[in-house]
Chemist: 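Following this message is one structure expressed as structure tokens.
Protein chains get the first letters and strands the later ones, always in sequence-line order, with residue 1 at the start of each. As the structure is a computational prediction, the values presented were derived from the model and not from experiment.
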2 protein chains.
Amino acid sequence: MATATPPTTGAGEPSRTLALLWGDPSATPRRKGPGRSVTVEQVVDAALALADEHGLAAVTMRAVAEAVGVSAMSVYTYVPGKAELLDLMVDTLYLRMPRPAWRASEWRTRLTRVAEANRELLTSHPWMTEVAALSRPPLGPGVLGKYEHELAAFDGTGLTDLDTDAALTYLLGFVQSHVRSAHDAARATTDTAMSDAQWWEANQPVLAQAFDPQTYPRSVRIGRAAGEAQGSAWNADSAWDFGLDRTLDGLAALIDRL
Amino acid sequence: MATATPPTTGAGEPSRTLALLWGDPSATPRRKGPGRSVTVEQVVDAALALADEHGLAAVTMRAVAEAVGVSAMSVYTYVPGKAELLDLMVDTLYLRMPRPAWRASEWRTRLTRVAEANRELLTSHPWMTEVAALSRPPLGPGVLGKYEHELAAFDGTGLTDLDTDAALTYLLGFVQSHVRSAHDAARATTDTAMSDAQWWEANQPVLAQAFDPQTYPRSVRIGRAAGEAQGSAWNADSAWDFGLDRTLDGLAALIDRL
DNA sequence: GCAGTACACCGTACAATGTACAATGTACTG
DNA sequence: CAGTACATTGTACATTGTACGGTGTACTGC
């Protein structure tokens, strides 16, 4: 960051990002200067590989540049800045998601597929939960195609247009929230190189005094119960099943009422 | 970041953070050396003020130091590092939340209050959605007190301990996800100094081609409908009402079934 | 009262980041 | 063939968290 003010995305030419996202139709017949050594797609793929293998923090302009074999500053001739690169990464992955036709007649089955597909995507690319916004995504072909496909899963539910949109956002919000929690939990045990049990053991003296059953009766009881039942205070698969059932039941109250 | 490896939190002495969170009972009778110029609480409050007024990015160790009137490095005699400072900030705000007794007899009313209290907190301190983890929070008195209080809202629902915990996490997940979206949407219009309408206008040429009603029939129809109905593609209050109703209905399917 | 020591405080320094800027060279247009 | 637009690059700068070592202070043991 060069300045203290928040980095403005593509200041001056707001459509530059959109042109990039939509593949810039007037790009093929280039005019002057030397040929480009790589392609935007290669740059984005390199960034994706870095993020998947070493986390979002590993996606630096220099690292991306080295991965594609150009200097750091050359990356800026392909993308206006890092923010736009991240947008492209997200849209690219959205674009590559499979879009099978909705055969199932039950809306619950279709929405379960939607949720599971998103869970898989975010689990394979955990950094996306730190980047992908639900309410103001980059309007690229990936985002739009995904949106259209997932909206189609609501066909036949009888929901209004506005309710369909709200329902989809709600469903995706659950998935994102869940994967984010799962990722946080996994990272906590991973990068401290300390299991739940070890951590608990090491902090026994402080915790014994803090976790007073008189002051926090429910917390202590539930903490113990959760630990015994699922080996840890938080189990990803249990939470997923619980949350998805609740979400679909919540939507059922709207859909099946009609 | 001094090294390329991820910063380990309190390496060597894992209970240091906990001692800080719980107010370090053996801290009052200090032994040697000069008296401390400020207190941990002052440091945390300064960091909170910075985050609230200028966003999370404004919370730098130097800025915090200057705000309390010490040098940058002196902050490290109060907190082990920035990660711990953020933990303290979160726990402090949790600790200060009001905890009114649960008078309402209807569980839906009580859970609505829980959701609204969290929405208010996160809306007043939007940076918390970037920091606060649902699944592995800092185990301080604020987190624990809040947890206990919110668990109590489920008294009388007949849920098992495990289900109560899962239900609370689910409810809070919705709130966090919602506020995050609202924050993203607000920031998008704010720091580009461009309204929804202006943005749409400026990108008309590209968008007209991209938003093809043949390829994306539902998206185009719904985008238009949303824009006309609520002036923007995403309306925070509508989304809140929708989501909260769905969440409570989803839980009702579990609770009222008993 | 004095020596010793533990600790608060601070200045300096370093590695890493995004990216502005200006120089250099290339390949197309007239 | 001259001119120019553009890809590529090295250097540079501001900003970040924090490691390190020096300095002075106030308490402990004699």
Chemist: So what does B:Val59 touch, heavy atoms closer than 4.0 Å: a base, only the sugar-phosphate, or nothing?
Modeler: sugar-phosphate

Chemist: Between P on D:dT8 and CE on A:Met61, what's the gap in Å once rounded to a whole number?
Modeler: 14 Å

Chemist: Of the listed nucleotides (C:dG4, D:dA7, C:dT29), which one gets closest to any side-chain atom of A:Lys32?
Modeler: C:dT29

Chemist: Roughly what angle, to 10°, lies between the helix axis at the start of the helix from C:dG1-D:dC30 to C:dG30-D:dC1 and the one at its end, five pairs per end?
Modeler: 0°

Chemist: Quick one: does B:Leu86's side chain get under 4.5 Å of B:Leu56's, heavy atoms only?
Modeler: yes

Chemist: Salt bridge between B:Arg119 and B:Asp237, side-chain N to carboxylate O under 4.0 Å?
Modeler: yes

Chemist: Any non-hydrogen side-chain atom of B:Trp127 less than 4.5 Å from a side-chain atom of B:Met89?
Modeler: yes

Chemist: Which of these nucleotides, D:dG3, D:dT9, C:dT17, is closest to any side-chain atom of A:Arg62?
Modeler: C:dT17

Chemist: For the side chain to side chain contact (heavy atoms under 4.5 Å, CB included) test, which of B:Arg62, B:Met61, B:Glu66 pairs with B:Val75?
Modeler: B:Met61

Chemist: So which one's nearest nucleotide on DNA chain C is more toward 5', B:Ser37 or A:Ala57?
Modeler: B:Ser37

Chemist: Among C:dC7, C:dC10, D:dA7, which nucleotide has an atom closest to any side-chain atom of B:Met73?
Modeler: C:dC10

Chemist: Is any side-chain N or O of B:Lys82 closer than 4.0 Å to OP1 or OP2 of D:dG17?
Modeler: yes

Chemist: Rounding to an integer number of Å, can you tell me how far B:Glu66 CD sits from C:dG11 P?
Modeler: 12 Å

Chemist: Regarding A:Gln176 and A:Asn118, is there a side-chain donor-to-acceptor distance under 3.5 Å anywhere?
Modeler: no

Chemist: Taking OH from B:Tyr76 and C1' from C:dG11, how many angstroms apart are they, rounded to a whole number?
Modeler: 15 Å

Chemist: Looking at C:dC9, D:dA7, D:dT8, which one has an atom nearest to any side-chain atom of B:Arg36?
Modeler: C:dC9

Chemist: Please classify the nucleic acid contact of A:Thr60 as base, sugar-phosphate, or nothing, using heavy-atom distances under 4.0 Å.
Modeler: sugar-phosphate

Chemist: Any side-chain N or O of A:Tyr78 under 4.0 Å from OP1/OP2 of D:dT8?
Modeler: yes

Chemist: If you compare every side-chain N and O of A:Ser71 against the phosphate oxygens of D:dT9 (OP1, OP2), does one of them come in below 4.0 Å?
Modeler: yes

Chemist: Hey, are the side chains of A:Thr129 and A:Ser177 touching, using non-hydrogen atoms and a 4.5 Å cut-off?
Modeler: no

Chemist: Looking at side-chain heavy atoms only, is the closest gap between A:Tyr94 and A:Met128 below 4.5 Å?
Modeler: yes

Chemist: Report yes if at least one side-chain N or O of A:Thr77 is closer than 4.0 Å to OP1 or OP2 of D:dT8; otherwise report no.
Modeler: yes

